[in-house]
Amino acid sequence: MQTLTSASHQGRKAGSDQPNVSAQYIYSRFQSLGIKTEFQSFEFKSGFFSTALGHNVVALLPCDQTVCGRKIVVTAHYDHLGGTTESFYAGANDNATGTAALLAIAEALMPVSRSADIILLATDAEEKGLYGAKHFVTTIKPEHYALNINLDMLAVNRKNTLYALHDRSSKKLIEQFQKQNHPFSVFATSSQFRLHKKLKNKRINWHKASDHYAFSKKKIPYIYFGMGIDSKHHSKKDTLENMDFAKYQLVVESISDFIVSLARAPLESTN
Ligand SMILES: [Zn+2]
């Protein structure tokens, strides 16, 4: 998180001919774990008449069993609002937290015997309109995917609660997650309305607010994990000093344990 929010990353703005310093960093971190990693570049609309290039970082941890279940894709957007070396949007909570969590999850998954392909996808141009995730889903067969787990904003929390928004078909999985022992409470719902009530804020359309929406539109079940409203969201005050690292670590450990358990036992065999 320190690296991703540092001045040399200049706020991780999407739109460059080559993968930017943040994309290169994530790529090299996956690679150094020995994970097959590639960039996936795509065009996105930037402004009324122009387009720009975005670059997802895609890491694949393949199934190592003879019978493999459907794939799981874990997403976190690494892009943020940009800036200059002197003054930039650090985007610590949004979404260096999710990106760093992806790297931790990669490490946890490495020694695990996997019954399904696990794709760890650091998306670009989420802030511009979920373009990285929207592009990724055009390159896959949705029926080969059992689940998207999306991580966005994991370290600012007024209550001791992790929020999970999921579609109805992920109900059993979220119940499995809730059965784990957590040192915090988990509020899980498939209803935006209930989330609005719980957070006492109706402003955000949580279903559409982050990358899971792109998967949802392709009928891929999803679970979105986040810590709720952040008053410093999209301001220059979204910096490391405002993160609750102790809680962040607990949350990432819980989510990571969950993904490890899903990797071990396939959700549903397809062949
Ligand atoms: Zn975000």
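Each ligand, and each atom within it, is numbered from 1 in the order the structure gives. Atom set for the values below is all heavy atoms of this structure, side chains included, hydrogens, waters and symmetry mates excluded. Since the model is a prediction, treat every value here as computed from it, not as a measurement. For reference, positions follow the sequence shown, starting with 1.
In this structure, the side chain to side chain contact (heavy atoms under 4.5 Å, CB included) partners of T51, at least two apart in sequence or on a different chain, are E43. Under the side chain to side chain contact (heavy atoms under 4.5 Å, CB included) criterion, H233 pairs with D94, M153, D230, not counting sequence neighbours.
A salt bridge links K171 with E175: the closest approach of a Lys/Arg side-chain nitrogen to an acidic carboxylate oxygen falls below 4.0 angstrom.
Using modelled atom types, one finds a donor on one side chain and an acceptor on the other under 3.5 Å when comparing D167 with S170.
Under the 4.5 Å side-chain heavy-atom criterion for grouping Ile, Leu, Val, Met, Phe, Trp and Tyr, Y27 is connected to L102 within one hydrophobic cluster.
For the Zn ion (ligand 1), the neighbouring protein N/O/S atoms at less than 2.8 Å, given as residue and atom, are H77 NE2, D94 OD1, D152 OD1, D152 OD2.
Other members of the hydrophobic cluster containing Y131, listed by chain and number, are F42, F44; membership follows side-chain contacts under 4.5 Å among ILVMFWY residues, whether direct or relayed.
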